[in-house]
Amino acid sequence: MIVEEMTMTEFEAGLLRTRSVLLPFGSVEEHGPHLPLSTDTFEAYEVCKRAALMMPLFVAPPVHYGNCRSTACHPGTISISTGTLKALFIDIVTALRSQGLRCFVALTGHAGGSHRMALQDAGEELIGRFDDIQIAVVTEYDLARDEGRGLIETEGDAHAGEIETSRILHSHPHLVKGKGASEFPDFPTGILVRQKRKYWPGGVWGDPTKATAEKGKLLEELVVEKIVELVQRMEAFAE
Ligand SMILES: [Zn+2]
């Protein structure tokens with residue numbers, strides 16, 4: 001049940017089928033010279049929509065913006081602060097709870113450390129505030145990397161590389177512009193730098209030339225399976 005496409009009447013009827021909702025989070029962030037800026041949002045929204053075909057589930061409209069640190073200087077990245085991200089998550093869950101939803105899975109396609117921490121912090125605040133809800137915060141990129149380890153050839157593939165390029169080749173092939181090139185950033189360990197692009201000129205972390213649409217399709221299926229399992233576990237879970 002894709003919330004942005006539903007009517008009021010359909011939403012009301014949907015609550016009789018489930019109280020669970022997936023909340024896709026993404027980012028507007030450079031993904032190399034070959035992938036669209038909304039790659040993370042596309043990835044998260046795509047697997048949410050597919051999971052909702054396998055069991056009754058609401059899918060909230062995606063939050064397109066995320067907190068991006070190491071790509072902040074690259075063209076096209078539009079980062080929001082962790083405070084704004086936290087506030088968005090808290091407000092959206094609070095509103096959906098007042099609509100009757102109880103089981104919330106925040107699924108982020110963007111895997112930045114501060115971005116995930118903000119969502120986790122907000123989740124902790126929410127379970128402290130409401131004792132009738134359940135929350136999971138999942139980085140769907142991690143699911144793709146872990147579940148797809150048998151498929152992925154590039155060691156340390158992380159951003160706009162083999163995994164993400166495969167997934168967009170499968171889900172949005174018309175938005176992939178060429179093959180990209182293998183790259184690994186060269187940030188000085190532990191030191192925060194202002195000129196981030198200097199240490200990561202191409203904005204790729206991994207090897208996109210190893211990507212195929214077929215790998216993307218398989219990765220997506222593996223992620224969807226894990227999401228469905230997680231929701232089933234949450235629905236049966238009592239603290
Ligand atoms: Zn990404």
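Residue numbers count from 1 along this sequence. Each ligand, and each atom within it, is numbered from 1 in the order the structure gives. Note that the structure is predicted; figures quoted are calculated from it, not measured. Worth knowing before you read on, the calculation uses all heavy atoms, side chains too, and leaves out hydrogens, waters and symmetry mates.
Looking at D40, its N, O or S atom nearest to the Zn ion (ligand 1) turns out to be OD1. Of all N/O/S atoms in E164, OE2 sits nearest the Zn ion (ligand 1).
Look at E43 and the Zn ion (ligand 1): no N/O/S atom of the residue is under 2.8 Å from the metal. For the Zn ion (ligand 1), the set of nearby N, O or S atoms under 2.8 Å includes none belonging to E29. Within the 2.8 Å limit, H31 places at least one N, O or S atom next to the Zn ion (ligand 1).
Between L169 atom CG and L175 atom CG the span is 10.5 Å, to the nearest 0.5 Å.
Relative to the six-membered ring of Y45, K49 meets both conditions, a distance below 6.0 Å and an angle of at most 45° to the axis.
A donor-acceptor pair under 3.5 Å links the side-chain atoms of H74 to the main chain of W200, judged by distance alone. Looking at R102, its side chain does come within 3.5 Å of a backbone N or O of R97 through a donor-acceptor pair.
Note on ring orientation: taking the six-membered ring where Trp is involved, the planes of F25 and F89 are perpendicular (angle over 60°, cut-offs 30° and 60°).
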